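Here is the structure we will look at, set down as structure tokens.
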Amino acid sequence: MNYIYFNEKGRLKGKHLDDLVATSHLADKIYLFCDLDQELETEYSASLAFKRADGFEIGEIECLREASLILNPFTKTEMPAFSLELGSDILAVPGPLKITARYYRTVVVGETVREIRKAMGMVATNVLEAVKGEPRSTVISNINRRIDALEARIEALESDQ
């Protein structure tokens with residue numbers, strides 16, 4: 001499992017990132033865990049930004065909140081998590097892939113809504129060369145994931161009525 005884990009001070013506590021395969025699409029997912037974020041319903045959000053080996057930067061891409069608790073391999077306990085499925089646009093180029101993870105907390109002061117960065121860290125992994133494929137957008141794929149999650153939530157609410 002690919003994951004990035006922050007402690008209660010917003011510092012990188014643990015990580016594991018397997019080598020990835022160039023041009024693969026939605027075959028790999030990165031999970032983000034944070035000791036500050038312990039409830040499924042949360043005021044936190046998370047994002048990932050990427051810098052490929054060719055210098056091209058992609059992000060910040062907002063991560064999706066997982067609907068249920070996920071086993072954190074570092075602590076061996078279930079925790080709330082965010083995740084992002086990696087598209088072939090991020091994995092288009094073989095070589096080192098730098099990943100910057102950020103955790104934000106939404107704060108409302110009067111009529112002003114602000115996002116305060118509570119955790120940030122940079123990690124790296126390697127993208128292995130593969131037979132070229134057609135690049136697909138990670139942003140569009142994750143928007144579709146968010147729509148599917150919202151539709152499932154609406155269906156669950158409607159069935160409860």
Side-chain angles (χ1 to χ4, degrees), residues 1-18 20 24-52 56-91 97-125 127 136-161:
M1 169 192 267
N2 296 313
Y3 71 90
I4 300 169
Y5 177 35
F6 293 103
N7 68 14
E8 67 282 345
K9 294 183 180 180
R11 304 273 189 245
L12 195 60
K13 187 172 185 176
K15 67 176 176 63
H16 175 83
L17 296 165
D18 293 322
L20 306 169
S24 63
H25 186 67
L26 306 181
D28 295 291
K29 186 187 274 192
I30 298 176
Y31 292 92
L32 288 105
F33 301 97
C34 185
D35 286 338
L36 293 167
D37 184 22
Q38 294 297 316
E39 303 295 325
L40 276 176
E41 293 295 322
T42 186
E43 56 198 20
Y44 289 94
S45 61
S47 69
L48 292 174
F50 303 87
K51 186 172 185 177
R52 298 186 320 206
F56 189 73
E57 295 182 18
I58 301 171
E60 288 180 45
I61 303 171
E62 186 176 355
C63 298
L64 183 64
R65 183 60 160 203
E66 290 292 320
S68 59
L69 299 177
I70 303 295
L71 180 65
N72 180 335
F74 189 88
T75 63
K76 309 278 191 275
T77 60
E78 291 187 333
M79 294 179 67
F82 286 94
S83 69
L84 182 72
E85 292 179 337
L86 303 181
S88 60
D89 54 342
I90 291 172
L91 303 174
L97 178 67
K98 295 177 185 174
I99 304 168
T100 302
R102 294 178 179 91
Y103 241 90
Y104 295 98
R105 181 173 181 207
T106 303
V107 177
V108 179
V109 179
E111 295 181 17
T112 305
V113 177
R114 299 183 68 192
E115 284 191 327
I116 299 170
R117 190 176 64 227
K118 300 302 280 183
M120 186 171 111
M122 197 208 74
V123 297
T125 189
V127 178
R136 298 184 200 148
S137 172
T138 301
V139 174
I140 291 171
S141 296
N142 278 289
I143 288 171
N144 288 334
R145 270 183 80 209
R146 183 171 298 279
I147 290 169
D148 292 343
L150 288 172
E151 286 175 347
R153 218 166 149 191
I154 290 168
E155 287 175 14
L157 289 171
E158 288 174 345
S159 67
D160 288 343
Q161 292 180 355

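Please read all numbers here as calculations on a predicted model, not as lab measurements.
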*Would Tyr103 and Phe82 count as a close aromatic pair, with their ring centres under 6.0 Å?*
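They qualify: ring centres under 6.0 Å apart.
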Between [atom1] on residue [X] and [atom2] on residue [Y], distance to nearest 0.5 Å:
| X | Y | atom1 | atom2 | value |
| --- | --- | --- | --- | --- |
| Leu86 | Ile30 | CG | CD1 | 4.5 Å |
| Ile99 | Ile58 | CD1 | CD1 | 11.0 Å |
| Asp28 | Ile90 | CG | CD1 | 10.5 Å |
| Glu78 | Asn72 | CD | CG | 10.5 Å |
| Asn144 | Leu26 | CG | CG | 9.5 Å |
| Leu48 | Thr100 | CG | OG1 | 8.5 Å |

Closest non-hydrogen atom pair, [X] against [Y]:
| X | Y | answer |
| --- | --- | --- |
| Pro80 | Asp37 | CG-O, 3.8 Å |
| Lys76 | Leu71 | C-CD1, 3.6 Å |
| Ser24 | Ala27 | CB-CB, 4.3 Å |
| Arg102 | Ala49 | NH1-CB, 3.9 Å |
| Leu32 | Ala101 | CD2-CB, 3.5 Å |
| Asp35 | Met79 | OD1-CE, 3.8 Å |

*When you look at Arg105 and Leu36, which way does the side chain to side chain contact (heavy atoms under 4.5 Å, CB included) test go after all the steps?*
CA-CA 10 Å; Arg105 181 173 181 207; Leu36 293 167; over 6 Å; no
_Under the ring pair (Phe, Tyr, Trp, His ring centres under 6.0 Å) test, residues paired with Tyr5 that sit two or more places apart_ =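 Tyr5 satisfies ring pair (Phe, Tyr, Trp, His ring centres under 6.0 Å) with Phe74 once adjacent residues are dropped.
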_With a 4.5 Å cut-off on side-chain heavy atoms, are Cys34 and Tyr44 touching?_
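Of all side-chain heavy-atom pairs linking Cys34 with Tyr44, none is under 4.5 Å.
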*Is the closest side-chain heavy-atom distance between Ser45 and Glu115 below 4.5 Å?*
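They are in contact (side-chain heavy atoms under 4.5 Å apart), so the answer is yes.
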*Side-chain donor/acceptor of Arg146 to backbone N/O of Cys63, under 3.5 Å*: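 Side chain of Arg146 to backbone of Cys63, a donor-acceptor pair under 3.5 Å: yes, one is there.
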*Counting N and O atoms only, with roles assigned by atom type, does the side chain of Arg52 sit under 3.5 Å from a partner on the main chain of Asp89, one being a donor and the other an acceptor?*
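Judged by distance alone, yes, a pair lies under 3.5 Å.
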Under 3.5 Å, side-chain donor or acceptor atoms of residues 116-125 against the rest of the protein: list the pairs with distances, not counting sequence neighbours.
unit_1 : atom_1 : unit_2 : atom_2 : d
Thr125 : OG1    : Asp18  : O      : 2.9

_Applying side-chain hydrogen bond (donor to acceptor under 3.5 Å, both in side chains), can you list everything that pairs with Tyr31, at least two apart in sequence or on another chain?_
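Tyr31 satisfies side-chain hydrogen bond (donor to acceptor under 3.5 Å, both in side chains) with no other residue.
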*Salt bridge or not for Glu62 and Arg145, using N-O below 4.0 Å?*
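Salt bridge: no.
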_Pairing of Lys29 and Glu66 as salt bridge, 4.0 angstrom limit_ =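 Judged by the 4.0 Å cut-off on N to carboxylate O distance, Lys29 and Glu66 do form a salt bridge.
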_Verdict with supporting geometry, Leu12 and Phe6, side chain to side chain contact (heavy atoms under 4.5 Å, CB included)_ = CA-CA 5 Å; Leu12 195 60; Phe6 293 103; 4.1 Å; yes
